[in-house]
Enquirer: 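Below is the structure I would like to discuss, written out as C-alpha coordinates.
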Amino acid sequence: MKILIAGGAGFIGSTVASACLDAGIEPVVLDNLVTGRREFTAGRTFYEGDIADGRLIDEIFAAHPDIEAVIDCAALIVVPESVAQPLRYYTENVAKGITFLGHLARNGCRRFIFSSSASIYATADDFSVDETSELAPLSPYARTKALFETALEDISSTGEIRVVSLRYFNPIGADPKMRSGLQVRRPTHALGKMIEAHRLGETFQITGVDWPTRDGSGIRDYVHVWDLAEAHVQALRRFDSVFEAEAGAGSSYQVVNLGTGTGTTVRELLDAFADVTGKPLPAVETDRRPGDNAGAYSRGERAASLLDWRPRYSLEEGIRDSLTWFEKRDSIIDTDA
(Lines give C-alpha, C1' and ligand atoms only; values in the text may rest on other atoms or scores of the structure.)
Protein backbone atom coordinates (compact mmCIF):
# COMPACT_ATOMS: atom_id res chain seq x y z
CA MET A 1 0.00 0.00 0.00
CA LYS A 2 1.10 3.56 -0.74
CA ILE A 3 -0.45 6.57 1.01
CA LEU A 4 -0.12 10.35 1.08
CA ILE A 5 0.43 12.01 4.48
CA ALA A 6 -0.27 15.75 4.48
CA GLY A 7 1.63 17.36 7.33
CA GLY A 8 3.88 14.32 7.38
CA ALA A 9 6.92 16.29 8.60
CA GLY A 10 5.25 17.34 11.86
CA PHE A 11 5.26 15.62 15.25
CA ILE A 12 2.29 13.34 14.71
CA GLY A 13 2.50 13.10 10.92
CA SER A 14 6.12 11.99 10.95
CA THR A 15 5.40 9.40 13.66
CA VAL A 16 2.50 8.09 11.59
CA ALA A 17 4.86 7.86 8.60
CA SER A 18 7.33 5.86 10.70
CA ALA A 19 4.61 3.48 11.88
CA CYS A 20 3.50 3.02 8.27
CA LEU A 21 7.03 2.20 7.16
CA ASP A 22 7.41 -0.31 9.98
CA ALA A 23 4.15 -1.92 8.84
CA GLY A 24 5.20 -2.17 5.19
CA ILE A 25 3.11 0.81 4.05
CA GLU A 26 4.92 3.38 1.87
CA PRO A 27 4.27 7.00 2.87
CA VAL A 28 4.51 9.92 0.47
CA VAL A 29 4.99 13.03 2.60
CA LEU A 30 3.62 16.49 1.80
CA ASP A 31 4.48 19.37 4.12
CA ASN A 32 5.03 23.12 3.77
CA LEU A 33 7.53 23.05 6.68
CA VAL A 34 5.86 25.96 8.47
CA THR A 35 5.95 23.85 11.63
CA GLY A 36 7.18 20.53 10.22
CA ARG A 37 10.84 19.56 10.01
CA ARG A 38 12.79 18.53 6.93
CA GLU A 39 14.88 16.25 9.18
CA PHE A 40 11.77 14.12 9.79
CA THR A 41 11.45 13.36 6.06
CA ALA A 42 14.91 11.81 5.59
CA GLY A 43 14.76 8.66 3.50
CA ARG A 44 11.11 9.25 2.59
CA THR A 45 9.47 10.46 -0.60
CA PHE A 46 8.91 14.13 0.22
CA TYR A 47 7.20 17.05 -1.49
CA GLU A 48 7.61 20.51 0.02
CA GLY A 49 4.52 22.59 -0.50
CA ASP A 50 1.04 23.53 0.55
CA ILE A 51 -2.09 21.36 0.60
CA ALA A 52 -3.92 24.11 -1.31
CA ASP A 53 -1.46 23.99 -4.22
CA GLY A 54 -3.48 22.16 -6.86
CA ARG A 55 -0.62 21.93 -9.33
CA LEU A 56 1.55 20.21 -6.71
CA ILE A 57 -1.22 17.79 -5.70
CA ASP A 58 -1.69 16.88 -9.39
CA GLU A 59 2.07 16.34 -9.69
CA ILE A 60 2.09 14.01 -6.67
CA PHE A 61 -0.75 11.86 -7.98
CA ALA A 62 0.73 11.80 -11.49
CA ALA A 63 3.99 10.48 -10.04
CA HIS A 64 2.23 8.14 -7.59
CA PRO A 65 -1.03 6.94 -9.19
CA ASP A 66 -1.03 3.99 -6.78
CA ILE A 67 -1.76 6.17 -3.73
CA GLU A 68 -4.68 4.42 -2.04
CA ALA A 69 -5.53 6.79 0.80
CA VAL A 70 -4.71 10.20 2.29
CA ILE A 71 -4.02 11.00 5.94
CA ASP A 72 -4.48 14.70 6.69
CA CYS A 73 -2.31 15.84 9.62
CA ALA A 74 -1.78 19.34 8.19
CA ALA A 75 -2.99 21.95 10.69
CA LEU A 76 -2.02 24.66 13.12
CA ILE A 77 -2.71 23.43 16.66
CA VAL A 78 -1.72 25.97 19.36
CA VAL A 79 -4.82 27.05 21.29
CA PRO A 80 -3.61 30.44 22.66
CA GLU A 81 -2.20 31.30 19.22
CA SER A 82 -5.58 30.51 17.65
CA VAL A 83 -7.21 33.01 20.04
CA ALA A 84 -4.74 35.69 18.95
CA GLN A 85 -4.78 34.77 15.24
CA PRO A 86 -8.19 33.29 14.37
CA LEU A 87 -8.09 34.40 10.72
CA ARG A 88 -4.86 32.49 10.18
CA TYR A 89 -6.30 29.37 11.82
CA TYR A 90 -9.50 29.39 9.78
CA THR A 91 -7.49 29.94 6.61
CA GLU A 92 -5.02 27.13 7.26
CA ASN A 93 -7.27 24.59 8.97
CA VAL A 94 -10.54 25.09 7.13
CA ALA A 95 -10.24 27.03 3.87
CA LYS A 96 -7.10 25.27 2.69
CA GLY A 97 -8.43 21.92 3.87
CA ILE A 98 -11.54 22.26 1.72
CA THR A 99 -9.41 23.32 -1.24
CA PHE A 100 -7.26 20.23 -0.63
CA LEU A 101 -10.35 18.01 -0.76
CA GLY A 102 -11.18 19.42 -4.18
CA HIS A 103 -7.70 18.58 -5.46
CA LEU A 104 -7.97 15.05 -4.06
CA ALA A 105 -11.39 14.48 -5.61
CA ARG A 106 -10.06 15.60 -9.00
CA ASN A 107 -7.31 12.98 -8.68
CA GLY A 108 -9.66 10.17 -7.77
CA CYS A 109 -8.88 9.93 -4.04
CA ARG A 110 -11.67 8.01 -2.30
CA ARG A 111 -10.23 7.29 1.16
CA PHE A 112 -9.49 10.13 3.60
CA ILE A 113 -8.36 9.92 7.23
CA PHE A 114 -8.60 13.20 9.15
CA SER A 115 -6.57 14.14 12.23
CA SER A 116 -9.24 15.71 14.40
CA SER A 117 -9.32 16.60 18.07
CA ALA A 118 -11.24 15.70 21.22
CA SER A 119 -11.13 19.40 22.12
CA ILE A 120 -14.36 19.78 20.14
CA TYR A 121 -16.41 17.98 22.82
CA ALA A 122 -18.57 19.71 25.40
CA THR A 123 -17.43 19.17 28.97
CA ALA A 124 -19.46 16.39 30.55
CA ASP A 125 -20.32 16.17 34.24
CA ASP A 126 -17.81 13.35 34.73
CA PHE A 127 -15.46 14.64 31.96
CA SER A 128 -15.77 11.41 29.96
CA VAL A 129 -16.95 11.51 26.35
CA ASP A 130 -17.65 9.13 23.51
CA GLU A 131 -18.25 9.65 19.81
CA THR A 132 -21.93 10.52 20.41
CA SER A 133 -21.23 13.21 23.01
CA GLU A 134 -22.32 16.79 22.49
CA LEU A 135 -19.90 19.09 20.69
CA ALA A 136 -19.07 22.55 22.06
CA PRO A 137 -15.59 23.68 20.95
CA LEU A 138 -14.39 26.62 23.03
CA SER A 139 -11.31 27.90 21.15
CA PRO A 140 -10.85 29.02 17.55
CA TYR A 141 -8.51 26.04 17.09
CA ALA A 142 -11.16 23.58 18.29
CA ARG A 143 -13.85 25.30 16.21
CA THR A 144 -11.74 24.92 13.06
CA LYS A 145 -11.59 21.17 13.71
CA ALA A 146 -15.33 20.95 14.31
CA LEU A 147 -16.15 23.08 11.27
CA PHE A 148 -13.93 21.03 8.99
CA GLU A 149 -15.52 17.84 10.32
CA THR A 150 -18.92 19.29 9.38
CA ALA A 151 -17.64 19.96 5.88
CA LEU A 152 -16.21 16.44 5.64
CA GLU A 153 -19.49 14.88 6.70
CA ASP A 154 -21.44 16.88 4.13
CA ILE A 155 -18.94 16.30 1.33
CA SER A 156 -18.69 12.57 2.03
CA SER A 157 -22.50 12.24 1.92
CA THR A 158 -22.33 12.45 -1.88
CA GLY A 159 -20.38 9.19 -1.93
CA GLU A 160 -17.41 10.58 -3.86
CA ILE A 161 -15.13 10.20 -0.82
CA ARG A 162 -15.29 8.25 2.43
CA VAL A 163 -13.86 9.71 5.62
CA VAL A 164 -12.64 8.36 8.94
CA SER A 165 -12.18 11.19 11.41
CA LEU A 166 -9.81 10.27 14.24
CA ARG A 167 -10.38 12.49 17.25
CA TYR A 168 -7.13 12.58 19.23
CA PHE A 169 -7.01 13.20 22.90
CA ASN A 170 -3.63 14.49 24.22
CA PRO A 171 -0.53 13.08 22.49
CA ILE A 172 2.63 12.64 24.53
CA GLY A 173 5.86 10.68 24.09
CA ALA A 174 7.89 10.23 20.91
CA ASP A 175 8.70 7.57 18.36
CA PRO A 176 10.25 4.86 20.60
CA LYS A 177 13.08 4.57 18.04
CA MET A 178 13.64 8.34 18.40
CA ARG A 179 13.30 9.04 14.68
CA SER A 180 11.13 12.05 15.49
CA GLY A 181 9.31 13.78 18.33
CA LEU A 182 7.90 17.12 19.32
CA GLN A 183 9.77 19.56 17.11
CA VAL A 184 9.16 22.85 18.93
CA ARG A 185 11.73 24.00 21.44
CA ARG A 186 9.22 25.70 23.74
CA PRO A 187 6.03 23.59 23.75
CA THR A 188 2.78 24.98 25.14
CA HIS A 189 1.15 21.83 26.53
CA ALA A 190 1.45 20.71 30.16
CA LEU A 191 4.02 17.91 29.78
CA GLY A 192 6.19 20.00 27.49
CA LYS A 193 6.14 22.82 30.03
CA MET A 194 7.09 20.37 32.80
CA ILE A 195 10.05 19.11 30.79
CA GLU A 196 11.14 22.68 30.06
CA ALA A 197 10.93 23.62 33.74
CA HIS A 198 12.76 20.43 34.72
CA ARG A 199 15.61 21.04 32.29
CA LEU A 200 15.98 24.74 33.10
CA GLY A 201 15.53 24.44 36.87
CA GLU A 202 12.41 26.61 36.76
CA THR A 203 9.00 26.43 38.43
CA PHE A 204 6.13 24.81 36.55
CA GLN A 205 2.91 26.81 36.28
CA ILE A 206 -0.39 25.02 36.85
CA THR A 207 -2.61 27.14 34.60
CA GLY A 208 -6.05 27.07 36.11
CA VAL A 209 -6.86 25.55 39.52
CA ASP A 210 -10.57 26.35 39.76
CA TRP A 211 -11.92 23.78 37.30
CA PRO A 212 -14.69 21.48 38.65
CA THR A 213 -12.36 18.46 38.62
CA ARG A 214 -11.33 16.28 41.56
CA ASP A 215 -8.36 18.54 42.39
CA GLY A 216 -9.20 21.80 40.59
CA SER A 217 -6.67 21.37 37.78
CA GLY A 218 -7.56 20.54 34.19
CA ILE A 219 -8.07 16.91 33.20
CA ARG A 220 -6.76 15.27 30.03
CA ASP A 221 -6.45 11.85 28.42
CA TYR A 222 -2.74 11.44 27.66
CA VAL A 223 -2.17 8.97 24.83
CA HIS A 224 1.26 7.94 23.59
CA VAL A 225 1.96 9.24 20.08
CA TRP A 226 3.12 5.78 18.96
CA ASP A 227 -0.24 4.37 19.99
CA LEU A 228 -1.85 7.12 17.89
CA ALA A 229 0.41 6.25 14.97
CA GLU A 230 -0.50 2.56 15.18
CA ALA A 231 -4.18 3.52 15.21
CA HIS A 232 -3.64 5.20 11.83
CA VAL A 233 -2.07 2.03 10.48
CA GLN A 234 -5.12 0.11 11.67
CA ALA A 235 -7.43 2.69 10.12
CA LEU A 236 -5.65 2.19 6.79
CA ARG A 237 -5.78 -1.58 7.00
CA ARG A 238 -9.42 -1.68 8.04
CA PHE A 239 -10.66 1.40 6.19
CA ASP A 240 -13.22 -0.34 3.99
CA SER A 241 -14.42 -2.65 6.77
CA VAL A 242 -15.17 0.37 8.98
CA PHE A 243 -18.04 1.20 6.65
CA GLU A 244 -19.21 -2.40 6.46
CA ALA A 245 -19.42 -2.93 10.22
CA GLU A 246 -22.77 -2.50 11.92
CA ALA A 247 -21.68 0.77 13.54
CA GLY A 248 -20.78 2.28 10.18
CA ALA A 249 -23.05 0.45 7.77
CA GLY A 250 -24.53 2.63 5.06
CA SER A 251 -22.46 5.68 5.95
CA SER A 252 -19.54 7.37 4.25
CA TYR A 253 -18.33 9.23 7.35
CA GLN A 254 -17.13 7.65 10.59
CA VAL A 255 -15.77 9.17 13.81
CA VAL A 256 -13.39 7.29 16.14
CA ASN A 257 -11.94 8.58 19.41
CA LEU A 258 -8.30 7.79 20.17
CA GLY A 259 -7.62 7.93 23.89
CA THR A 260 -6.68 5.70 26.80
CA GLY A 261 -9.95 5.84 28.68
CA THR A 262 -8.21 7.33 31.72
CA GLY A 263 -8.44 10.95 32.85
CA THR A 264 -5.32 12.49 34.40
CA THR A 265 -5.37 15.90 36.05
CA VAL A 266 -2.44 18.29 35.75
CA ARG A 267 -1.59 17.70 39.41
CA GLU A 268 -1.63 13.94 38.80
CA LEU A 269 0.56 14.40 35.74
CA LEU A 270 2.96 16.37 37.92
CA ASP A 271 3.09 13.48 40.41
CA ALA A 272 3.73 10.97 37.60
CA PHE A 273 6.46 13.23 36.24
CA ALA A 274 8.13 13.23 39.67
CA ASP A 275 7.91 9.42 39.82
CA VAL A 276 9.69 9.15 36.44
CA THR A 277 12.39 11.75 37.15
CA GLY A 278 12.89 10.75 40.77
CA LYS A 279 12.33 14.21 42.23
CA PRO A 280 9.44 16.64 42.70
CA LEU A 281 9.10 19.53 40.25
CA PRO A 282 8.39 22.90 41.94
CA ALA A 283 5.02 24.26 40.85
CA VAL A 284 2.96 27.40 41.28
CA GLU A 285 -0.73 28.02 40.64
CA THR A 286 -1.67 30.60 37.97
CA ASP A 287 -4.71 31.74 36.01
CA ARG A 288 -6.27 29.87 33.11
CA ARG A 289 -4.87 30.42 29.61
CA PRO A 290 -7.05 31.93 26.85
CA GLY A 291 -9.09 29.22 25.16
CA ASP A 292 -8.53 26.59 27.87
CA ASN A 293 -11.25 24.24 29.09
CA ALA A 294 -11.59 21.75 31.92
CA GLY A 295 -10.80 18.89 29.55
CA ALA A 296 -12.11 15.40 28.90
CA TYR A 297 -11.13 11.77 28.61
CA SER A 298 -12.38 9.01 26.35
CA ARG A 299 -14.86 6.27 27.04
CA GLY A 300 -16.31 3.58 24.84
CA GLU A 301 -15.06 0.78 22.61
CA ARG A 302 -15.45 2.08 19.06
CA ALA A 303 -11.69 2.15 18.35
CA ALA A 304 -11.41 -1.44 19.59
CA SER A 305 -14.41 -2.70 17.66
CA LEU A 306 -13.82 -0.87 14.36
CA LEU A 307 -10.02 -0.62 14.24
CA ASP A 308 -8.99 -3.50 16.52
CA TRP A 309 -6.92 -0.92 18.39
CA ARG A 310 -6.21 -0.37 22.05
CA PRO A 311 -3.41 1.77 23.52
CA ARG A 312 -0.39 -0.17 24.77
CA TYR A 313 1.81 2.49 26.39
CA SER A 314 1.40 3.83 29.92
CA LEU A 315 1.44 7.44 31.07
CA GLU A 316 4.86 6.90 32.61
CA GLU A 317 6.23 5.49 29.35
CA GLY A 318 4.94 8.54 27.54
CA ILE A 319 6.67 10.83 30.01
CA ARG A 320 9.89 8.81 29.79
CA ASP A 321 9.93 8.84 25.98
CA SER A 322 9.24 12.59 25.98
CA LEU A 323 12.20 13.17 28.29
CA THR A 324 14.44 10.95 26.15
CA TRP A 325 13.40 12.81 23.02
CA PHE A 326 14.20 16.22 24.49
CA GLU A 327 17.65 14.98 25.46
CA LYS A 328 18.24 13.84 21.87
CA ARG A 329 16.34 16.58 20.05
CA ASP A 330 19.25 18.89 19.32
CA SER A 331 21.32 16.07 17.82
CA ILE A 332 18.50 15.37 15.35
CA ILE A 333 17.09 18.83 14.66
CA ASP A 334 19.05 21.90 13.58
CA THR A 335 19.94 23.58 16.89
CA ASP A 336 19.27 27.01 15.40
CA ALA A 337 15.58 26.12 15.02
Side-chain angles (χ1 to χ4, degrees), residues 1-8 13 16 25 27-28 30 49-75 89-118 120-121 130-137 142-168 231-232 234-258 302-303 305-307:
M1 179 186 290
K2 182 184 290 185
I3 63 161
L4 174 64
I5 305 179
V16 170
I25 298 169
V28 175
L30 168 65
D50 200 273
I51 60 172
D53 184 343
R55 183 176 298 180
L56 177 58
I57 304 305
D58 292 346
E59 176 187 336
I60 292 171
F61 276 87
H64 305 277
D66 50 343
I67 287 174
E68 297 184 36
V70 172
I71 297 176
D72 183 11
C73 297
Y89 269 67
Y90 278 95
T91 299
E92 297 295 328
N93 293 3
V94 181
K96 287 187 177 182
I98 291 172
T99 300
F100 184 41
L101 287 172
H103 300 325
L104 296 178
R106 183 176 64 252
N107 283 282
C109 172
R110 296 291 181 265
R111 298 182 182 93
F112 189 84
I113 296 174
F114 178 53
S115 297
S116 191
S117 171
I120 68 177
Y121 286 115
D130 63 22
E131 291 85 354
T132 66
S133 295
E134 179 186 358
L135 305 185
R143 285 191 284 272
T144 65
K145 289 292 187 181
L147 183 57
F148 193 59
E149 277 206 34
T150 299
L152 286 172
E153 187 168 10
D154 286 342
I155 293 166
S156 68
S157 68
T158 65
E160 62 183 323
I161 191 170
R162 291 191 295 181
V163 177
V164 174
S165 185
L166 301 177
R167 291 177 180 167
Y168 306 166
H232 287 73
Q234 288 298 97
L236 289 167
R237 286 174 168 164
R238 301 173 66 91
F239 190 94
D240 292 339
S241 68
V242 163
F243 300 97
E244 297 165 0
E246 182 178 352
S251 72
S252 55
Y253 181 78
Q254 185 60 272
V255 172
V256 181
N257 286 344
L258 298 181
R302 188 175 293 185
S305 63
L306 293 184
L307 305 183

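Excluded from the calculations below are hydrogen atoms, water molecules and symmetry mates; all remaining heavy atoms, backbone and side chain alike, are included.
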Enquirer: Is Ile67 close to Ile60 at the side-chain level, that is, under 4.5 Å between some pair of heavy atoms?
Expert: yes
Enquirer: Just so I know, are the side chains of Leu306 and Val256 near enough to count as touching, which here means a heavy-atom distance under 4.5 Å?
Expert: yes
Enquirer: What are the two closest heavy atoms between Ser156 and Val163, and how far apart are they?
Expert: CB-CG2, 4.1 Å
Enquirer: Looking only at side-chain N and O atoms, does Arg162 offer a donor or acceptor that is under 3.5 Å from a partner on Gln254?
Expert: no
Enquirer: Taking the side chain as every heavy atom from C-beta outward, state whether Asp66 and Phe61 have any atom pair closer than 4.5 Å.
Expert: no
Enquirer: Could you tell me if the side chain of His64 sits less than 4.5 Å from the side chain of Leu4, heavy atoms only?
Expert: no
Enquirer: Name all residues meeting the salt bridge (Lys or Arg N to Asp or Glu O under 4.0 Å) criterion together with Arg237; count only those two or more places apart in sequence or in a different chain, and write none if there are none.
Expert: none
Enquirer: Is it true that Tyr168 and Ser116 share a donor-acceptor pair across their side chains at a distance under 3.5 Å?
Expert: no
Enquirer: With sequence neighbours left out, write down each residue that passes ring pair (Phe, Tyr, Trp, His ring centres under 6.0 Å) with Phe112, or none if nothing qualifies.
Expert: none
Enquirer: Please identify each residue that fulfils salt bridge (Lys or Arg N to Asp or Glu O under 4.0 Å) with Asp53, with sequence neighbours left out.
Expert: none
Enquirer: Quick one: salt bridge (charged side-chain N to carboxylate O under 4.0 Å, His left out) pairs with a partner in residues 144-154, sequence neighbours left out?
Expert: Glu149-Arg167
Enquirer: For residues Gly54 and Arg106, report the shortest heavy-atom separation together with the two atoms involved.
Expert: O-NH2, 3.6 Å
Enquirer: Examine distances only and state if a side-chain atom of His103 and a backbone atom of Ile57 form a donor-acceptor pair shorter than 3.5 Å.
Expert: no
Enquirer: May I ask you to check whether Tyr121 and Asn257 show a side-chain donor-acceptor distance below 3.5 Å?
Expert: yes
Enquirer: What's the separation between atom SG in Cys73 and atom CD1 in Ile51, rounded to the nearest 0.5 Å?
Expert: 11.0 Å
Enquirer: If we ignore hydrogens and angles and just use 3.5 Å, is the side chain of Arg302 paired with the main-chain N or O of Val255 as donor and acceptor?
Expert: yes
Enquirer: Do the non-hydrogen side-chain atoms of Ser157 and Tyr253 ever get within less than 4.5 Å of each other?
Expert: no
Enquirer: Restricting to salt bridge (Lys or Arg N to Asp or Glu O under 4.0 Å), what partner residues turn up for Arg143, sequence neighbours left out?
Expert: none
Enquirer: Roughly how far, to the nearest 0.5 Å, is the CG atom of Leu56 from the CG atom of Asp50?
Expert: 8.5 Å
Enquirer: Take Phe148 and Leu101 through the side-chain contact (heavy atoms from CB on, under 4.5 Å) test and state the conclusion after the steps.
Expert: CA-CA 11 Å; Phe148 193 59; Leu101 287 172; 3.8 Å; yes
Enquirer: Between Arg110 (side chain) and Glu160 (backbone), is there a donor-acceptor pair under 3.5 Å?
Expert: yes
Enquirer: Is there a side-chain contact between Ile5 and Leu30 (heavy atoms, below 4.5 Å)?
Expert: no
Enquirer: Grab the two heavy atoms, one from Ile113 and one from Ala235, that are nearest each other, plus how far apart they are.
Expert: CD1-CB, 3.8 Å
Enquirer: What heavy-atom pair brings His232 and Ser115 nearest, and what distance separates the two atoms?
Expert: NE2-OG, 4.0 Å
Enquirer: Specify the closest pair of heavy atoms between Arg238 and Leu307, including all atoms of both residues, with the distance to one decimal.
Expert: CD-O, 3.2 Å
Enquirer: So, using side chain to side chain contact (heavy atoms under 4.5 Å, CB included) as the criterion, who are the partners of Asn93 when residues are at least two apart?
Expert: Ala75, Leu76, Tyr89, Tyr141, Thr144
Enquirer: Is the closest side-chain heavy-atom distance between Phe239 and Val164 below 4.5 Å?
Expert: yes
Enquirer: Hey, are the side chains of Met1 and Leu236 touching, using non-hydrogen atoms and a 4.5 Å cut-off?
Expert: yes
